[in-house]
Every structure is written in structure tokens, then in C-alpha cells.
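Order of the sequence lines sets the chain letters (A, B, ...), proteins ahead of strands, with each chain counted from 1.
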Amino acid sequence: MEQKNSYEKIYDIVKQIPRGTVATYGQVAALAGNKRWARVVGYALHVNPDPEGIPCYRVVNREGRVSEAFAFGGENRQIGLLEADGIEVKDGCVDLSKYQWRKEIF
DNA sequence: AACGTGACTACGG
DNA sequence: ACCGTAGCCACGT
């Protein structure tokens, strides 16, 4: 018995985010099936059962701002990982215009 | 079963 | 342009 498609789908989307790219909650939610899942996406990442397989640090809000209540390691950890991916982070902000994943399809 | 909360987004004033 | 409120979905108490 599997958990459920909802969260699994969200995790699958996040896992598919290519290196050096970021995605917004709304985008992940839209790709998962419903844009209104933005909050659910946040919760799904909050429970983050596999932080090593699910790069939740590549998921940012609509502003391109990273989460304040980041879970595994701290926000500083997320910024470090993003920079390691080749993403420029400014005060916890990412330039979505340059790094947002497949924003074209949006 | 119902209310409240939350890593969100969008619209209105 | 900024701040406040509304909408949506899932989970915990």
C-alpha cells in the first residue's frame, strides 16, 4: 500500500528539478496537478521524508525567496546548496527570471 | 466531525 | 506600489 499519489507526485516533481535550476511552489503544484496545492506542496516538503533525494532547497516561493523555517540544516544550508548548484543567491533571494525551471511552459 | 494552522498565491483597496 | 483579506488543500488536535 502506497501513501498516496498526491505527495508522491509532488516529490517526483521536485526530484526532477535539474541542477542549477529552481522551481516555485505554485509551479510544482501546477505540475503535480493543481495550482491550489501550493500550500500542500509546502507541507509535503515540510514532512520531507527523503531530504537527500528531494532537494527541497530548489523549491522557493513566488518571490524566489527561500523558506525561513527551513528544516534540514537551516536556511544558510539551503543557500549553500543553491550556490553549489551554480545558482546565485542574494540575501536568500534567487533570480527567478534566470533560474526558474521551465518557466516557459507556465 | 469541526476548528485552527501552515515551507502559498492572487486579488482588492 | 504596499498592505490586508480571501481562497484552496491537507494534517493535527
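The side-chain contact (heavy atoms from CB on, under 4.5 Å) test applied to A:Asp85 returns A:Arg19, A:Tyr57, A:Arg58, A:Ile87, not counting sequence neighbours.
The distance from atom CD of A:Gln27 to atom P of B:dT9 is 11 Å, rounded to the nearest whole Å. A straight line from CZ of A:Arg36 to P of C:dA6 spans 17 Å, rounded to a whole angstrom. One can place NZ of A:Lys35 at 22 Å from P of C:dA6, the figure rounded to the nearest angstrom. The distance from atom CG of A:Asn61 to atom P of B:dA10 is 11 Å, rounded to the nearest whole Å. In this structure, the OH atom of A:Tyr11 is 12 Å from the C1' atom of B:dA7, given to the nearest Å. With rounding to whole Å, A:Leu45 atom CG is found 14 Å from C:dA10 atom C1'. Nucleotide C:dC8 holds its P atom 22 Å from the OH atom of A:Tyr25, rounded to whole Å. Separating the CD atom of A:Glu63 from the C1' atom of B:dC8 is a distance of 11 Å, rounded to the nearest angstrom.
Put simply, the side chain of A:Arg39 and the base of C:dC8 share a donor and an acceptor less than 3.5 Å apart.
Among the nucleotides C:dC9, B:dA7, B:dT9, the one closest to the side chain of A:Ala38 is B:dT9.
At the heavy-atom level, A:Tyr43 lies under 4.0 Å from the strands shown only through sugar-phosphate atoms.
Taken to the nearest 0.5 Å, the SG atom of A:Cys56 stands 12.0 Å off from the NZ atom of A:Lys15.
Relative orientation of the A:Tyr7 and A:Tyr11 rings is perpendicular, given thresholds of 30° and 60° on the angle between their planes.
Considering only side-chain N and O atoms, A:Arg62 lies under 4.0 angstrom from the phosphate OP1 or OP2 of B:dA10.
With respect to the salt-bridge test (charged N to carboxylate O, under 4.0 angstrom), the residues A:Asp91 and A:Arg65 qualify.
For the pair A:Val40 and A:Thr24, both in contact range of DNA chain B, the more 5′-proximal nearest nucleotide belongs to A:Val40.
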